[in-house]
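This report refers to the structure that appears directly beneath it.
Every chain is numbered from 1, with letters handed out A, B, ... down the list of sequences.
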Number of protein chains: 2
Amino acid sequence: MSEPIRLLLADDQALVRGALAALLELETDLTIVAQVGRGDEVLDAARETNAHVALLDVEMPGADGLTVAGILHRELPQCRSLIVTTFGRPGYLRRAMEAGASGFVVKDTPAAQLADAVRRVAQGLRVVDPALAAESLASGVSPLTQREAEVLRVAALGGTVGEIARELHLSQGTVRNHLSAAIGKTGARNRADAAAQAAANGWL
Amino acid sequence: MSEPIRLLLADDQALVRGALAALLELETDLTIVAQVGRGDEVLDAARETNAHVALLDVEMPGADGLTVAGILHRELPQCRSLIVTTFGRPGYLRRAMEAGASGFVVKDTPAAQLADAVRRVAQGLRVVDPALAAESLASGVSPLTQREAEVLRVAALGGTVGEIARELHLSQGTVRNHLSAAIGKTGARNRADAAAQAAANGWL
DNA sequence: TCCTGCCCGTGACATTTGTCACGTTCGCGG
DNA sequence: CCGCGAACGTGACAAATGTCACGGGCAGGA
């Protein structure tokens, strides 16, 4: 019988992190070696504890889970990433896989399946919800250019064209042109709608 | 030694629900008697299992946690509610307490404190984060009328004035008037900004 | 009974948004 | 070297948003 799988948990919500630790420690072949609440603490903690698998929430201070998955893939490839997220957005899934994550689990998943997902990832296998994978392929690559996405992201916060222009060091006319292009590409009625659709598709 | 506290868990995310169950079942004086994923299943489940305390997420299909807390308070007052939520919004806290909840915990709380919170609620005590309570009192009652809040809520979804008017069976002019009033009362620059600020203050 | 506020609506007008055409510069790939 | 697309910008114009004044009906409280 081999040694237990060493797990690192990264989630900014202490309650969720502690609860996940309690759940996973019920399994005798898993052991929690670290818990962090910020993305920028994961790499060091993974190194120091020799973690085999890192469970990463997407939205964390310091660095988001997708970025951290990329960092671990490059700098500590023996520590495999399993993304655990609230939003099963197809765009998140694509970006997670592109970043080098080994698995992607949404929080609707039955609790009993999480430990199995961890074991599969530890064995070097991929764990992806098939429905999400299909949806991800269907929604396709973002039609937005990098700048259009950036302007749309800032616009989503609710400012005026003038405020967006100041923040991004552009003219108002340029901002309007980018917004108009983004509205057209997403098939939306206005910038708020475009931002919502792009976010839902994982393009922001 | 008295009998264990009977707990019902209500959260639409199976993973989080299962993890919370695992965490709380580590305590010998607590026992999980039901787990539901929809707000409209809570009352029946609480009755059938004689739950002492119900842990309620806010955002659930069927009925949100705040509504359910009100229903339990009226129809099953011996089953006390403890709201467990991601967003520590002062408006949520006020509405939870007005609805009849006994406690309010955000998911940043250390996991070890959850069991203590459950025990205190079971004893008939109140559990509220003091910082959140202060913030809630500071942000005050919503300045928006019921209709203004409703128009703003629909507007936040990104539709045009025409679409909002159709959905709420109002004229476009009336919708513009309500939006303008809401923008003024929140001190925002536009409806997107107004919706964001109202949401942050718990007024939506 | 009267006053107040909410809700509804219309109309006029100023401001902002969004569209479109056009042009220049730059980087990248064939 | 050339073509193409992205990024930036201007200007004109139509459509939408937001503001404001005004008025009527209704419910609730003094």
Output the rounded distance in Å from [atom1] ([X]) to [atom2] ([N]).
X: A:R191; N: D:dT17; atom1: CZ; atom2: C1'; result: 11 Å
X: B:H169; N: C:dC8; atom1: NE2; atom2: P; result: 12 Å
X: A:Q146; N: C:dG27; atom1: CD; atom2: C1'; result: 14 Å
X: A:L179; N: D:dG9; atom1: CG; atom2: P; result: 14 Å
X: A:R147; N: C:dT25; atom1: CZ; atom2: P; result: 20 Å
X: A:R189; N: C:dT19; atom1: CZ; atom2: C1'; result: 18 Å
X: B:D193; N: D:dT17; atom1: CG; atom2: P; result: 17 Å
X: B:I183; N: C:dT17; atom1: CD1; atom2: P; result: 11 Å

So, OP1 or OP2 of [N]: does either fall under 4.0 Å of a side-chain N or O from [X]?
X: A:T174; N: D:dA7; result: no
X: A:R176; N: C:dT19; result: no
X: A:S180; N: C:dT19; result: yes
X: B:S171; N: C:dT10; result: yes

### Flag side-chain contact, heavy atom, 4.5 Å: B:V68 against B:L43
no

### Query
Does the side chain of A:L168 reach to within under 4.5 Å of the side chain of A:T174, using non-hydrogen atoms?
no

### Message
Does anything in residues 151-168 of chain A come within less than 4.0 Å of DNA chain D? Heavy atoms only, and list the residues if so.
### Response
none

Quick check for you: among [options], whose closest atom lies nearest to any side-chain atom of [X]?
X: A:L170; options: D:dC8, D:dA7, C:dG9; value: D:dC8
X: B:N177; options: C:dG9, C:dT19, D:dC8; value: C:dG9
X: B:T145; options: C:dT19, C:dC7, D:dA7; value: C:dC7
X: A:N190; options: C:dA12, C:dG18, C:dC8; value: C:dG18
X: B:H178; options: C:dC7, D:dG18, D:dA12; value: C:dC7

#### Entry: Criterion side-chain hydrogen bond (donor to acceptor under 3.5 Å, both in side chains) against A:D116, the qualifying member of A:Q113, A:R120, A:R119
A:R119

### Task
Might you confirm whether atom CD of B:Q146 has over 12 heavy atoms from other residues, nucleotides or ligands at distances under 6.0 Å?
no

### Identified side-chain contact (heavy atoms from CB on, under 4.5 Å) partner of A:I83 from the options A:L66, A:V105, A:D57
A:L66

### Minimum heavy-atom distance A:I183-A:R189, with the two atoms named
CG2-C, 4.3 Å

### Message
Please find the pair of heavy atoms, one from B:A34 and one from B:A45, that lie closest to each other, and give the distance.
### Response
CB-CB, 4.3 Å

